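Working notes, beginning with the structure itself.
Reminder, nothing fancy here: chain letters follow the sequence lines and each chain counts from 1. All figures in this text were calculated on a predicted structure; none of them were measured in a lab.
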Amino acid sequence: MRDPQITHFHTGDGQKGGRDSMTTNLTYRYEMVNIRPGYVIVERDLFSSAVRSYFSAEPVPPKEEYREGNRIWKYSGMAQSFQFDVRDNASGEIIKFRELLGLLYYGSSPEESDIHRIGEIAHENRISVYAAITYEAVDGSRNNLSPEKIRILNKCFNERIKTPDKKILILPDLFNLYKAVSYGEIMIDFGLTSMEES
Amino acid sequence: MKLQELAAKLGLKGLTEIYDREISGVYISDMVSDVIANAKAGNILVTVQIHNNVIAAANLVDISGIVVTQGKLPTDDVLKMAQKAEIAIFTTDLNRWQVATKLYEAGIR
């Protein structure tokens, strides 16, 4: 881990000759830290066909079938992924993003979907739209990211961009996309092996 | 070094428009999660992956261009997505290691 002492924050505005060019020890306000590689495990209930997913950092991804109440969960698939925290270098605070399953780019979603339509309009203004897809809670509800976490995620990615005028806009899953998209459309390494073979 | 100069030095075949972008370094990976976590803005990404999620990840971290190795060719949909994101895609018959050595010889660090 880097020394948390801050000398300067990157403005992320892509301009030359400003603060960036004078900075020798460049760092960002928000920094991705505690990156943990692991797996997104997808499982199905044998009786109701309900689907849910969770993150596992175990070296060997768990595939065992197990009972939970009146449900039997059976392994359905997995993807390589990672979890991370974000450190606020101004305060030293560590913000955990354990709810985040992955990001969905608007361009990877169906053309008739709301996020695709919004993404197309945003794209005309050099804004790339992504939706933050989250894991389910144990009761099947969604663990959505708080508005503050969404803001931090946006700042974390935007302050690194060098291309002038380009912006990233990460939205919460306002569109219930988790119900409509497949795991392969979310930016996790789902089906990595089959992709390599294709 | 700009993308156009790099393409000429390495003999890369452009599959999209080649944008006027500076290369700040190289990242070699076939995992989108790894690219999101570790690649830097302005990097050129060397990969064998041709899935559209690679474009989505490259766009998120502001990759300047992608070199697809081992002669793989992305589909038209993927190329269209890259073009829209203004990310240049190149293809080469070389493997990732060969591309890495050529990038080093070209002065990219």
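Of the atoms belonging to B/Asp77, not a single heavy atom falls under 4.5 Å from chain A. Looking at B/Ser24, only its side chain comes within 4.5 Å of chain A, counting heavy atoms on both sides. No part of A/Gln83 comes within reach of chain B, as not one of its non-hydrogen atoms sits under 4.5 angstrom from that chain.
Ranked by heavy-atom pairs under 4.5 Å with chain A, the first of B/Gln70, B/Lys84, B/Met81 is B/Lys84. For the set A/Phe84, A/Tyr105, A/Tyr130, A/Phe157, the entry with the most heavy-atom pairs within less than 4.5 Å of chain B is A/Tyr130.
Around CG of A/Asn125, the count of heavy atoms belonging to other residues, nucleotides or ligands within 6.0 Å exceeds 12.
Here the options are B/Asp30, B/Val48, B/Ile66, B/Val35, the test is side-chain contact (heavy atoms from CB on, under 4.5 Å), and the partner is B/Val54; only B/Ile66 passes.
With contacts defined as side-chain heavy-atom distances shorter than 4.5 Å, the pair A/Phe97/A/Leu153 qualifies.
Side chains of A/Glu136 and A/Tyr54: no donor on one and acceptor on the other come within 3.5 Å.
For A/Ala57, the side chain to side chain contact (heavy atoms under 4.5 Å, CB included) partners two or more places apart in sequence, or in a different chain, are A/Arg36, A/Phe55.
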